[in-house]
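Lettering follows sequence order; numbering is per chain, from 1. For clarity, every value in this text was computed on a predicted model and none was experimentally measured. Atoms considered below: every heavy atom in the structure, side chains included; atoms not considered: hydrogens, waters and symmetry mates.
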There are 2 protein chains.
Amino acid sequence: MHSPEELTQRFREVGLKVTPQRQAVFRVLYQNHTHPSAETVYEQVAEQMPTISLRTVYQTLNDLTDMGEILHLDLGTGSARFDSNVEHAHHHLVCEGCGLVRDVEADLDSLKFNETLPSGFLVSETEILVRGQCEHCLAQDQNRRSQDQHSKAGA
Amino acid sequence: MHSPEELTQRFREVGLKVTPQRQAVFRVLYQNHTHPSAETVYEQVAEQMPTISLRTVYQTLNDLTDMGEILHLDLGTGSARFDSNVEHAHHHLVCEGCGLVRDVEADLDSLKFNETLPSGFLVSETEILVRGQCEHCLAQDQNRRSQDQHSKAGA
DNA sequence: GGTCTAATCTGCAAGCATTGTTGATTGCCA
DNA sequence: TGGCAATCAACAATGCTTGCAGATTAGACC
């Protein structure tokens, strides 16, 4: 995405007004590269601007998505995630435990489909999703298991 | 997934009861390879058994998913899709127009990640999603465009 | 700076997919 | 065949997202 200042320009060019609420959303997204949900963006904006509504955050995220400034991702984590990195093509790693998302780069050209794709189908995007458990959630699982061991031994 | 008869066995083995409702869901899934949504499964079962509830269909789909008989897919189409083909690893092609899903096989081993994946992360699944427009939706789009041309010319 | 108007804001209600609850029903083992 | 736990249907509730309506405000024009 562009910087908050550049976004201000772009919004005016397209005929959209630049409100303090929108600028606050710009700033949060520009600094947050963790693929936040709308709710998370809302919480972070609300720290600076407690009166903002979740509805406005959704609206601004949609505007930015329509303008191609951010990406709207559905990674199966329940809520949509927003990705401010549209400059460099990349894919995603998703922790099924905590919903953490990380970017990964992959060489799509190296990917071989065993059969050719159906001829009539016009591909717009090929997406790679790596699911699993992050370091933190793995450790937590191990702790829980050893706890269970102890309580079983104690009982 | 196993055949309806084999599923009857498996359900009893696990201590789940085999009701007519469940058998009807088994049959629909066994024959339908279009990756139906819960709603679609419900509609098809309801043709034979109009009193079944959507809740029961969801419950049975969840049971089958837990047993590994079917796959629960989130392809960003709004509702979850259920895939009865768990025997052969494959990936999916999704039409962004009508939600049609097709299986595609891809050689995951050929896929190169430019940086290695984070060391602490335990990968459970790597999923490839090809989005685009199917033949049918492409044709429809073209029709619509030429219609627009005509009405513009006529006006 | 002041005025004006359309765009935007907030708060709330509604929509959709899915799950929780509950009392009635039924599979299935003895 | 009886009995009980599992399951059913109907309905309420959830979580995420969007629609709506009246109050507010950005920004063009004077």
Side-chain angles (χ1 to χ4, degrees), chain A residues 4-5 7-26 28 35-43 45-46 48-67 70-82 94 98-99 101, chain B residues 4-5 7-26 35-43 45-46 48-67 70-82 94 99 101:
Chain A
E5 296 73 31
L7 287 177
T8 296
Q9 287 296 113
R10 286 212 64 199
F11 264 57
R12 292 212 176 107
E13 282 165 23
V14 184
L16 296 173
K17 292 183 177 174
V18 179
T19 64
Q21 290 89 343
R22 287 179 169 178
Q23 288 177 305
V25 173
F26 296 169
V28 164
H35 311 75
S37 64
E39 184 74 32
T40 303
V41 173
Y42 168 68
E43 285 166 10
V45 172
Q48 306 294 121
M49 185 181 286
T51 61
I52 196 173
S53 74
L54 180 57
R55 187 70 186 82
T56 299
V57 172
Y58 269 107
Q59 184 57 56
T60 306
L61 291 170
N62 289 344
D63 291 338
L64 287 167
T65 303
D66 291 346
M67 293 170 67
I70 61 176
L71 289 171
H72 175 284
L73 306 177
D74 183 349
L75 303 174
T77 52
S79 46
R81 309 295 285 266
F82 295 89
V94 183
C98 62
V101 179
Chain B
E5 295 73 30
L7 287 177
T8 296
Q9 287 297 112
R10 286 211 65 200
F11 264 57
R12 293 214 175 106
E13 281 164 23
V14 184
L16 296 174
K17 292 184 175 169
V18 178
T19 64
Q21 289 88 343
R22 286 180 171 179
Q23 288 177 305
V25 173
F26 296 168
H35 311 76
S37 65
E39 184 73 32
T40 303
V41 174
Y42 167 68
E43 284 166 11
V45 172
Q48 307 293 120
M49 184 181 285
T51 61
I52 196 172
S53 75
L54 181 57
R55 186 71 185 81
T56 299
V57 172
Y58 269 108
Q59 185 57 56
T60 306
L61 290 170
N62 288 345
D63 291 339
L64 287 167
T65 303
D66 291 345
M67 294 170 67
I70 60 176
L71 289 172
H72 175 283
L73 306 177
D74 183 349
L75 303 175
T77 52
S79 46
R81 309 294 284 266
F82 296 88
V94 183
V101 179

key: Flag, side chain of A/Arg12 to backbone of A/Val18, donor-acceptor distance under 3.5 Å   = no

request  = Quick one: closest heavy-atom pair of B/Ala24 and B/Val45, and the distance?
outcome  = CB-CG1, 3.7 Å

Answer whether the closest heavy-atom distance between the side chains of [X] and [Y] falls below 4.5 Å.
X       : Y       : value
A/Ser79 : A/Glu39 : no
B/Thr60 : B/Thr19 : no
B/Met67 : B/Leu16 : yes

message = Between B/Phe11 and A/Ala38, which residue's closest nucleotide on DNA chain D lies nearer the 5′ terminus?
response = B/Phe11

note = Students should find that the nucleotides of DNA chain C closing off the region near chain B, any atom under 4.0 angstrom from a heavy atom, are C/dA17 to C/dC28

inquiry  = Applying a 4.0 Å non-hydrogen cut-off, can you work out what A/Thr51 is touching in the nucleic acid: base, sugar-phosphate, or nothing?
reply    = sugar-phosphate

Can you name the atoms? Protein N/O to nucleotides 26-30 of chain D N/O, anything below 3.5 Å, with the distance.
from: D/dA26; atom 1: N3; to: A/Lys17; atom 2: NZ; distance (Å): 3.0
from: D/dG27; atom 1: OP1; to: A/Arg12; atom 2: NE; distance (Å): 3.0
from: D/dG27; atom 1: OP1; to: A/Val18; atom 2: N; distance (Å): 2.9
from: D/dG27; atom 1: OP2; to: A/Arg12; atom 2: NH2; distance (Å): 3.2

query = Want to settle it: does A/Gly15 or B/Glu39 sit nearer the 5' end of DNA chain C, counting the closest nucleotide to each?
reply = A/Gly15

Once rounded to the nearest 0.5 Å, what's the spacing between atom [atom1] of [X] and atom [atom2] of [Y]?
X       : Y       : atom1 : atom2 : result
B/His72 : B/Leu64 : NE2   : CG    : 12.5 Å
B/Glu43 : B/Leu54 : CD    : CG    : 9.5 Å
B/Ser37 : B/Leu75 : OG    : CG    : 11.5 Å
A/Leu7  : A/Gln23 : CG    : CD    : 10.0 Å

request  = Identify, with sequence neighbours excluded, every residue that meets salt bridge (charged side-chain N to carboxylate O under 4.0 Å, His left out) alongside A/Asp74.
outcome  = none

request  = Can you pull out how bent the helix from C/dG1-D/dC30 to C/dA30-D/dT1 is, comparing the axes over its first five and last five pairs, to 10°?
outcome  = 30°

note = Only residue of A/Asp63, A/Asn62, A/Thr56 satisfying side-chain hydrogen bond (donor to acceptor under 3.5 Å, both in side chains) with A/Gln59 is A/Asp63

note = To the nearest angstrom, the CD-P distance between B/Gln23 and D/dC8 comes to 11 Å

ask   = How about A/His35 and A/Phe82: are their ring centroids closer than 6.0 Å?
value = no

ask   = Listed by chain and number, what are the ring pair (Phe, Tyr, Trp, His ring centres under 6.0 Å) partners of A/Phe11, not counting sequence neighbours?
value = A/Phe26

query = Which of residues 52-66 of chain A sit near DNA chain D, with a heavy atom under 4.0 Å from it?
reply = A/Arg55, A/Tyr58, A/Asn62

